[in-house]
Amino acid sequence: MMARARLATVWLDGCSGCHMSFLDLDEVLLDLAARVDLVYSPLVDAKTFPEDVDVTLVEGAVSSSEDLEKIQHIRRHTRRLIALGDCAVTGNVPSMRNMYPVSAVLARAYTDTAQIPGTPRDAVPALLPVVRPVHLVVPVDVVLPGCPPPAALIKEVLLAVLDGTTPNLKARFG
Amino acid sequence: MELEELNRIAADERAAQEQYRHRLLVCQAAGCLSAGSDKVRDALEDDIKKAGKHRLCLVKGVGCMGLCGSGPLVLLEPDNVLYQGVAAADAPEIVEHLDKQPVRHLRCPTDTPFFRRQVKIVLENSGRIDPERIEDYIAAGGYRALLKVLTELMPIGVINELTRSGLRGRGGAGYPTGLKLSTVAKAPGSPKYVVCNGDEGDPGAFMDRSVMEGDPHRILEGMAIAAYAVGAAHGYIYVRAEYPLAVERLNKAIRQAQKLGCLGPQILGTTFSFNVEVRLGAGAFVCGEETALIASIEGQRGQPRPRPPYPAMKGLWGCPTLINNVETFANIPAILRNGSEWFASIGTARSKGTKVFALSGKVKNIGLIEVPMGITLEEIIFGIGGGIPDGGRFKAVQTGGPSGGCIPEEHLDTRVDYESLRELGSIMGSGGMIVMDDESSMVEVARYFMEFCMTESCGKCVPCRVGTVQLYDLLTRFSQRSATRLDLERLESLCEMVRATSLCGLGQSAPNPVLSTLRYFRQEYLERMTDYDPRRAEEEAADGHDV
Amino acid sequence: MVTTFKINEMDVSAGEGETILDVARQHHIHVPTLCHLEGLTPVGACRLCLVEVKGSAALVPACVTRAAEGMEISTDSERLQRYRRMIVEMLFAEGNHICAVCVSNGHCELQALAGDLGMTHSRLGFLYRQKRIDASHYRFAIDHNRCVLCTRCVRVCDEIEGAHTWDVMGRGIQSQVITDLAQPWGSSSTCTNCGKCINACPTGALFKKSKAVGEMEKDTHFLGYIRTMREVK
Amino acid sequence: MTGQRGDTAPPTDDKRWRLVNATMRRYGYQPRALIETLNTVQESFGYLDETALRYVAACLRVPLSKTYGVATFYHFFSLKPQGRHSCVVCLGTACYIKGGANVLEALSEAFAVPPGHTTPDGALSLLTARCIGSCGLAPAGVIDNVVTPRLTAAAVIDQLRKAIHDGA
């Protein structure tokens, strides 16, 4: 019997919809559980990203200094990186702020429309000047667009990657 | 008007000029004008009057004399003494020396390669005749070719003569002129039109401007001959609004020609009628592309359309249209006057005649030159051009403007013709030739041209509209030394795609400056990458990846 | 004059005025298009329908090219697919196409092209330029973020409706479709409110105000109908 | 389509409209005369404003949007009034190689106006040209409509400051 693959899922700047779609795999999750160990994920308790991961699903765009550090760390410790969903693949909704300077975005959120104005400084990670899709920050092995990608596609891609083949997918944005 | 009358005008004009013992020809082309040659002319006239020599010395304004970087230029005839860098204050001295030795400190030697190695056809009158007087043009043999054509040749005879001459389009692509005329002549439909493309837009090119300003009648005569050959009765000269002097002189020339019967109804007493109108370009480089130019004459946004149909079949207002560039038309009278064999004897096997170049950049002799096809780049730059000034070292020569490429030192022995320049990844282009020394960064040059193409893209087709922006952004990364290997791959694949898929010549050739600098100066790109590894590059070079 | 030629090695013939694209579609050979819309004058601008002609280095746009006798055309080479993917990438990089929140999500020609051509992500840098949304018209709106400058709205308004309310201003990457003198659509003195531009638009750039995400379906059948009715007259 | 095309009254009694009308008349009020007419407006008024565009469009029967499309396609046309003084720096290849861009940058900084714009007080328009065909005199420019050879930043700044000061 083949060794169980070490699987991770991460959630950068996204809405968690891709993770919801992942959970929509339903009973396939049971088959999956037989083949992989979920070593890091918003769905499990692990607090730090492990050293040696076979496959990582990344949801969300790279928006903040924390996202940037995370994805670089993850890339270093992952054999196959899958950009999951439109935010990771194109920047999607998070990237809509790229048309404006960061200062304007913060002002809109924390001053103009806030009941108690005050821009957070140290408490939250700083926003990057532009939101970028994952593949423009670190090399990505497989991209899976969709908002969210349908569960069936996630299954197809994940199984192909676990089998060591290149998935031939008919996916679309949105 | 008949031959006798042309001869009479010519004889009268020559007699009128030759009654002066001295003739001072003052360059009134744009280059010298901006250096104050109009004031020089006024001062010379004043001082001649003051010295009481106005019956002995004629002052006349002429077109470009070529050595624009040393203006204002004044030529003393018949002694053939050239003065350079003349100021209004020099006038008394020049006048005083009319009957003595020439003024030494103003004298420009004319036995240099700059003058000796040139062969002048298109520019034969430039700097010799007053572009504002048709009589001067006629005295120099003007409108003889038109008269000969109208009285001795059938239209097919004209076409055959041009075909035999081997003349090819001087706008850059080098399409055989005779073949184009023949196509328009045979194309069904009427009326037919003749259009002269004077929308010289290459940055660093001023050949057509000099011809339009220095010898406008030559263009009109060439157009009229071509119109007779294809059966057109109406023509347009499309000129950049940035060239007001050219516009003024062309309009003046048209009026003079109409008055003498060289244009208009029943030209030179024959049944052939032809009229020319000047149309203003309004600042769009893409209008040098023939279908965009047609759209612009029609009053539309200057956007190209896919060819075929070619303008020869469906051009202006859907009618068969002959479009050629200024220099092409300017060659036609000389060919018909001197014969196709004479023209074909100049140049190389496939590129006949001469080519006018605007030589500029880091070269000693800056100006307008006309050279026989087949001359080497080295002869042009180091012979005629006098080499690199200020102890600089030659690095590359750029021909063809934003559609062309940079040619390095190892190819300086290349003979200038359409095919050999294309093989080197550049093009003949309309004639801009910019010399660069070792201070110039080739990445910056490529970026400069891409910025040009990006802002001049008409926006109609996707590859050019977006591709040039993407290419510019990538080149900026190289310029800022933040590029990666991935960017180099992107740059190359984008170049290939934009070239293959763009709608018109502007987009298709926009990658040329990048491709040619990548080909000859790849190292300059590699050094600007953050992940550049010299050892790996060496291995690749050994594998034949480099060039 | 009828010409016979080959598309992807299949023998075909074209009647007077029929383009390579017309003939390809008659034989159910798929050639992707974006700026083309049956019933409007073709412009050859999007370059998606470029095809290869055997023996010629130049690619030709199928939508405006008539095949010559004996031509051998191929519509789907690896090179063409690569170029087409890059064209779609360029369009995604140029605009701000957020399919997930677009009224045309699921009914958009650009989105479908990306899917069909396997354009799953863009290697090009997104330009993220600030573009306007004009919602001044009482029924319709335009979101320039989603405009691909195919000029189908311009042509349908000029050629079919006859109003010529739309045109393109500026040039190059600064090009933008405009109504009248680049004024708010709602203040246009020439717009007839006919809505043909809405239906001609391949993306969610032009839409009806009442539509939410994914609800804006376009219907271009009116073009064929109008053409037929005009021919009958 | 034929008919009386010159029946639209000029927007104002400004005499310059006569020049504009003369151009349109010369071309028989044909739509194809659009660019020539806009050229005349540009030369007579210095720029194309909405009034002029509407008037020309109506006289030549060109759709408004098309008129605007043409006016914004060509760089020679300006939709905003130009400054009292103007300085065009040539960025043709020869001028670029010889430092035209540096001159432009210095001017832009000295007069606090980005290229292609006019200073807020309307004193100076700083413009660029693709090539003015004076490559022999690079870097060249056009200062208040006079072609000026071999620009240096210091000299041009000096000349413009004087011109602005004397004129203001």
Side-chain angles (χ1 to χ4, degrees), chain B residues 282-287 291-292 295 300-309 450-474 476-477 483-484 486-487 489-491 493-508 510, chain C residues 19 34-35 41-52 57-68 77 79-80 82-95 110 113 122-129 148-151 154 167-177:
Chain B
F285 173 72
V286 69
C287 287
T291 59
Q300 328 247 11
R301 289 162 60 82
Q303 292 191 314
R305 59 155 178 80
R307 300 176 304 178
M450 195 53 70
E451 198 255 353
F452 181 89
C453 292
M454 175 177 82
T455 42
E456 293 300 329
S457 167
C458 82
K460 180 173 178 175
C461 78
V462 181
C464 176
R465 181 179 77 230
V466 189
T468 52
V469 177
Q470 292 287 346
L471 283 167
Y472 177 75
D473 287 352
L474 283 170
T476 302
R477 285 169 162 239
T484 61
L486 209 59
D487 291 327
E489 274 168 32
R490 282 184 192 135
L491 188 70
S493 64
L494 265 172
C495 279
E496 182 212 328
M497 182 268 186
V498 171
R499 172 190 252 190
T501 60
S502 291
L503 192 156
C504 82
L506 189 151
Q508 288 161 11
Chain C
T19 63
L34 183 61
C35 66
T41 308
V43 288
C46 73
R47 316 306 283 169
L48 280 165
C49 73
L50 286 177
V51 293
E52 287 173 349
L59 305 175
V60 299
C63 67
V64 293
T65 310
R66 285 197 21 86
S77 70
R79 177 167 81 124
L80 290 174
R82 184 156 46 88
Y83 290 163
R84 287 172 187 155
R85 265 197 303 275
M86 283 176 92
I87 290 172
V88 178
E89 271 182 57
M90 282 180 176
L91 290 170
F92 270 92
E94 179 189 30
L110 181 68
L113 275 167
S122 174
R123 287 153 299 170
L124 304 174
F126 292 89
L127 302 183
Y128 298 123
R129 289 174 314 135
V148 291
L149 293 165
C150 66
T151 69
V154 177
D167 210 306
V168 180
M169 69 168 273
R171 71 186 195 205
I173 198 75
Q174 308 294 344
S175 305
Q176 190 189 301
V177 290

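Each chain gets a letter, A, B and so on, in the order the sequences are listed, and its residues count up from 1.
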Report task. Would you indicate whether the side-chain heavy atoms of B:Thr501 and C:Arg84 approach each other to under 4.5 Å? Result -> no
Query - Residue list, salt bridge (charged side-chain N to carboxylate O under 4.0 Å, His left out) with B:Glu496, at least two apart or on another chain - result: C:Arg82
Report summary line: With chain C, the option among B:Val286, B:Asp473, B:Thr455 that has the most non-hydrogen atom pairs under 4.5 Å is B:Thr455
Report task. Report the residues that fulfil salt bridge (charged side-chain N to carboxylate O under 4.0 Å, His left out) with B:Arg490, sequence neighbours left out, ordered by chain and then residue number. Result -> B:Asp487
Query raised in the report: Taking C:Val64, C:Leu59, C:Leu124, C:Asp167 one by one, which has the highest count of heavy-atom pairs under 4.5 Å against chain B?
Result: C:Leu124
Query raised in the report: Measuring heavy-atom distances to chain B, does C:Leu34 have an atom under 4.5 Å in its side chain, in its backbone, in both, or in neither?
Result: neither
Query raised in the report: By a 4.5 Å heavy-atom criterion (distance strictly below it), what part of C:Leu50 contacts chain B: side chain, backbone, both, or neither?
Result: side chain
Report summary line: Here the pair of heavy atoms bringing B:Gly467 nearest to C:Met90 is CA-CE, 3.6 Å
Query raised in the report: Looking only at heavy atoms, which of residues 168-176 of chain C get nearer than 4.5 Å to chain B?
Result: C:Val168, C:Met169, C:Gly170, C:Arg171, C:Gly172, C:Ile173, C:Ser175
**Report entry** Partners meeting ring-ring contact (aromatic ring centres under 6.0 Å, His included) with C:Phe92 (sequence neighbours left out)
**Finding:** A:Phe173, C:His97
Query raised in the report: Is C:Arg123 atom CZ crowded by more than 12 heavy atoms from other residues, nucleotides or ligands, each under 6.0 Å away?
Result: no
Requested in this report: Would you name the heavy atoms of C:Val43 and B:Leu503 that are closest together and state the gap between them?
Outcome: O-CD1, 4.1 Å
Query - Heavy-atom pair count under 4.5 Å with chain C, highest-scoring of B:Gln508, B:Lys460, B:Gln470 - result: B:Gln470
Query raised in the report: Considering only heavy atoms from C-beta outward, does the side chain of C:Met86 approach that of B:Val462 to under 4.5 Å?
Result: no
